[in-house]
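Basis for what follows: all heavy atoms, side chains included, without hydrogens, waters or symmetry-related copies. All chains are named by letter (A, B, ...) in the order of the sequence lines, taking the proteins before the strands, and each is independently numbered beginning at 1.
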Number of protein chains: 2
Amino acid sequence: MNTLSPPSPSPHVPLSHQLAETIEEDIVTQRLPPGSKLDEVMLANRFQVSRTPIREALIQLASGGFVELRPRRGAIVTRADPHRLLEMFEVMAELEAYCGRLAARRANSGERQALLTAHVACEAASHAGDPDRYFYLNEHFHQTLYKLSHNSFLEEQARQLQKRLRPYRRLQLRVRRRTEQSYQEHQSIVEAIVSGNEDMAAQAIRAHIRIQGERFADLMASLQGG
Amino acid sequence: MNTLSPPSPSPHVPLSHQLAETIEEDIVTQRLPPGSKLDEVMLANRFQVSRTPIREALIQLASGGFVELRPRRGAIVTRADPHRLLEMFEVMAELEAYCGRLAARRANSGERQALLTAHVACEAASHAGDPDRYFYLNEHFHQTLYKLSHNSFLEEQARQLQKRLRPYRRLQLRVRRRTEQSYQEHQSIVEAIVSGNEDMAAQAIRAHIRIQGERFADLMASLQGG
DNA sequence: GGTATTCATCTTGTATACAAGAACTTTTAA
DNA sequence: TTAAAAGTTCTTGTATACAAGATGAATACC
């Protein structure tokens, strides 16, 4: 037995894992909208595999909250009702606010610079009102924030929830001048963290995330009413 | 060999789900300690089922963070290193603190009474220094707290993490006079929530949870050193 | 005509079969 | 004696087979 070289991570990735990632991507990008039925045979044919890895992928997705497994009645893409989404945004706001607080406390100068860089990168897309590009850069900005917390578990939790809320956040940016407003909010966040103001960082982030939940609620209400 | 109780017969729930619950219970109660190898054939024999539902259960457990799936090399019970656990306790502290804040803001008088009842129930076990009984009642107290947040998503997240940290919290209560101290801390929490003092509730809970993480770190350090 | 019931079909849940990589054992070379 | 190499066994990953509940259609009944 060789004790010097550590066991290298197996290069082999199970099919079910790859399938889960692919299907999850289809869900968060709305190619598979909430409520879609996920027929095992259909998916098996589509990906040219047997039902076994498909089922295993669906179980992973269910554990992540992306799909709902109804015993003996198949899987559907989770459809979150507005109230549930508000709750999720509430939790997201707290998680991110805590990331910000820790970032303000723990981030070194290089990391603060990285956050600033990620922020500046958003500027052009914001002013141009390019929601797709802004969406991408915005995600990067927030993920940078998570990393600066120096708490990898918190970072993972935040990323997971970010992904889960992705379809609903995406909608927001189509609202008039939302990208510019979002960018302004980022400005306050960056200032607070760079200057090491924990409370201000937490408060700015909380407000930033909450706005999305509330806007979503408004949107849903208007759709109900119209 | 240790007898792991078979899954309870429940016709409409998939086997894999029951198996996952049973195995998870064995993990959080340390009947399957961190690092244990989870051989698929062995588990299949033990539960008198085929490997298929066993594999599906393991995937669910992996998504919940209870086991680690190493491609082509089998599953083991997750062994969290001390640093990781500190991180998890940090996040738990924030989640629960937020539960407490929302509870102080939102709970009605009946709910406040329920919390008080759950608290008082802990008293006898605390003074008797009965860690097992206190552990059970303590979990109920905290779960009541989660419910009072009036945010079911937050409640679920908190319960999940509570379960995941269970093996490590359980250790704490064996420490001398820890049950009494825990009970005292609960006292401050209850007072804050009943009186509707959000900040005090959040702060008291944060401290309460943090102590566990820090005590755990101390314990690990002493084991390392000795 | 509408509703309940029975039967055929389809889909899911579990078991078994087979293929391929990992672990272990034995052999061989220095 | 130690270490590398080869061969064997064992375990996991995927495919297929089969059983049982769910869906839907046709029929019987009011």
Side-chain angles (χ1 to χ4, degrees), chain A residues 1-24 26-27 32 35-64 66-79, chain B residues 1 4-24 26-27 32 35-64 66-79:
Chain A
M1 174 167 51
N2 190 348
T3 51
L4 290 181
S5 63
S8 55
S10 178
H12 186 271
V13 179
L15 249 180
S16 66
H17 190 263
Q18 297 175 239
L19 290 167
E21 296 219 328
T22 304
I23 297 171
E24 182 182 308
D26 286 344
I27 292 172
L32 286 171
S36 309
K37 191 158 191 317
L38 297 170
D39 184 84
E40 294 178 5
V41 176
M42 181 188 65
L43 290 169
N45 289 335
R46 180 178 150 202
F47 292 110
Q48 292 293 300
V49 296
S50 76
R51 279 175 52 223
T52 308
I54 295 288
R55 282 181 61 82
E56 296 187 348
L58 290 178
I59 289 167
Q60 286 178 254
L61 292 169
S63 303
F66 295 101
V67 315
E68 191 184 328
L69 294 181
R70 303 163 306 173
R72 295 251 174 223
R73 303 189 54 227
I76 58 170
V77 177
T78 303
R79 57 166 111 232
Chain B
M1 175 154 308
L4 300 177
S5 53
S8 50
S10 191
H12 299 292
V13 182
L15 250 181
S16 65
H17 190 263
Q18 296 174 239
L19 290 167
E21 296 220 327
T22 304
I23 297 171
E24 182 183 307
D26 288 336
I27 291 172
L32 287 170
S36 309
K37 191 157 190 317
L38 297 169
D39 184 85
E40 294 179 4
V41 176
M42 182 188 66
L43 290 169
N45 289 336
R46 182 166 294 168
F47 293 115
Q48 292 293 299
V49 297
S50 76
R51 279 176 51 222
T52 308
I54 295 288
R55 282 181 62 82
E56 296 187 348
L58 290 178
I59 289 167
Q60 286 178 254
L61 291 169
S63 304
F66 295 100
V67 315
E68 190 184 327
L69 294 182
R70 304 164 304 172
R72 291 256 175 219
R73 303 191 54 226
I76 59 170
V77 178
T78 303
R79 57 166 110 235

Peer 1: Return the value, rounded to whole Å, for the distance between atom CD of A:Gln18 and atom C1' of D:dG13.
Peer 2: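 Value for this atom pair: 12 Å.
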Peer 1: Are A:Asp39 and A:Arg51 ion-paired here, with the side-chain N under 4.0 Å from a carboxylate O?
Peer 2: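 Salt bridge between A:Asp39 and A:Arg51, a charged N being under 4.0 Å from a carboxylate O: no.
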Peer 1: Do A:Ile76 and A:Val67 make a side-chain contact, defined as non-hydrogen atoms from C-beta onward lying under 4.5 Å apart?
Peer 2: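 In short, these two side chains do not touch, never coming nearer than 4.5 Å.
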Peer 1: Counting side-chain heavy atoms from C-beta on, which of D:dT12, C:dG13, C:dA23 comes nearest to B:Pro14?
Peer 2: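 Selected nucleotide (nearest to the side chain): C:dG13.
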Peer 1: For B:Ser50 and C:dA15, is the shortest distance between a side-chain N/O and OP1 or OP2 below 4.0 Å?
Peer 2: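 B:Ser50 to C:dA15 OP1/OP2: side-chain N or O found under 4.0 Å.
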Peer 1: Using modelled atom types and a 3.5 Å cut-off, is there a donor and acceptor pairing between side-chain atoms of A:Glu21 and backbone atoms of A:Gln18?
Peer 2: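 Side chain of A:Glu21 to backbone of A:Gln18: no pair is present.
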Peer 1: Whole angstrom is fine here: how far is it from CD in B:Gln48 over to P in C:dA15?
Peer 2: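 Result: 10 Å.
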Peer 1: Given atom CG of A:Asp39 and atom P of D:dA22, what is their separation to the nearest angstrom?
Peer 2: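 Between P of D:dA22 and CG of A:Asp39: 17 Å.
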Peer 1: Quick one: is B:Lys37 getting a side-chain N or O under 4.0 Å of the D:dT12 phosphate, OP1 or OP2?
Peer 2: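 Looking at the OP1 and OP2 atoms of D:dT12, one of them is under 4.0 Å from a side-chain N or O of B:Lys37.
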Peer 1: Is the shortest side-chain N/O distance from A:Arg73 to OP1 or OP2 of D:dT23 below 4.0 Å?
Peer 2: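 Answer yes for this pair, as a side-chain N or O of A:Arg73 is under 4.0 Å from OP1 or OP2.
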Peer 1: Please state how far atom CD1 in A:Ile76 lies from atom C1' in D:dA22, giving the value in whole angstrom units.
Peer 2: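 So the two atoms are 16 Å apart, to the nearest Å.
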Peer 1: Does B:Arg72 have a side-chain nitrogen or oxygen under 4.0 Å from the phosphate oxygens OP1 or OP2 of C:dA20?
Peer 2: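 So the side chain of B:Arg72 is outside the cut-off, no N or O lying under 4.0 Å from OP1 or OP2 of C:dA20.
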Peer 1: Among the nucleotides D:dT14, D:dA22, D:dT12, which one has an atom lying closest to any side-chain atom of B:Glu40?
Peer 2: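 The closest nucleotide is D:dT12.
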Peer 1: A:Ile23 versus A:Phe47: any side-chain heavy-atom pair under 4.5 Å?
Peer 2: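 The answer is yes, as the side chains (C-beta and beyond) meet within the 4.5 Å cut-off.
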Peer 1: Pick the closest DNA chain D nucleotide for A:Thr52 and for B:Val41 by heavy atoms, then say which residue is nearer the 5' end.
Peer 2: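 Of the two residues, B:Val41 wins.
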Peer 1: Specify the separation, in whole Å, of atom CG of B:Leu69 and atom P of D:dG13.
Peer 2: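 Interatomic distance, CG of B:Leu69 to P of D:dG13: 8 Å.
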Peer 1: Go through the N and O atoms of the side chain of B:Arg51 and the base of D:dG13, and report whether any donor-acceptor pair is under 3.5 Å.
Peer 2: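 Yes.
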Peer 1: To the nearest Å, how far apart are B:Leu38 CG and D:dT12 P?
Peer 2: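 B:Leu38 atom CG is separated from D:dT12 atom P by 10 Å.
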Peer 1: Measure from CG on B:Leu15 to P on C:dA15 and round the result to the nearest Å.
Peer 2: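 Value for this atom pair: 6 Å.
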Peer 1: Is it true that, when you exclude B:Arg70 itself, more than 12 heavy atoms of the residues, nucleotides or ligands shown sit nearer than 6.0 Å to its CZ?
Peer 2: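 Atom CZ in B:Arg70 is packed in, count exceeds 12.
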Peer 1: Could you check how far CZ of B:Arg55 sits from P of C:dA17, rounded to whole Å?
Peer 2: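 It is 17 Å, rounded to the nearest whole Å.
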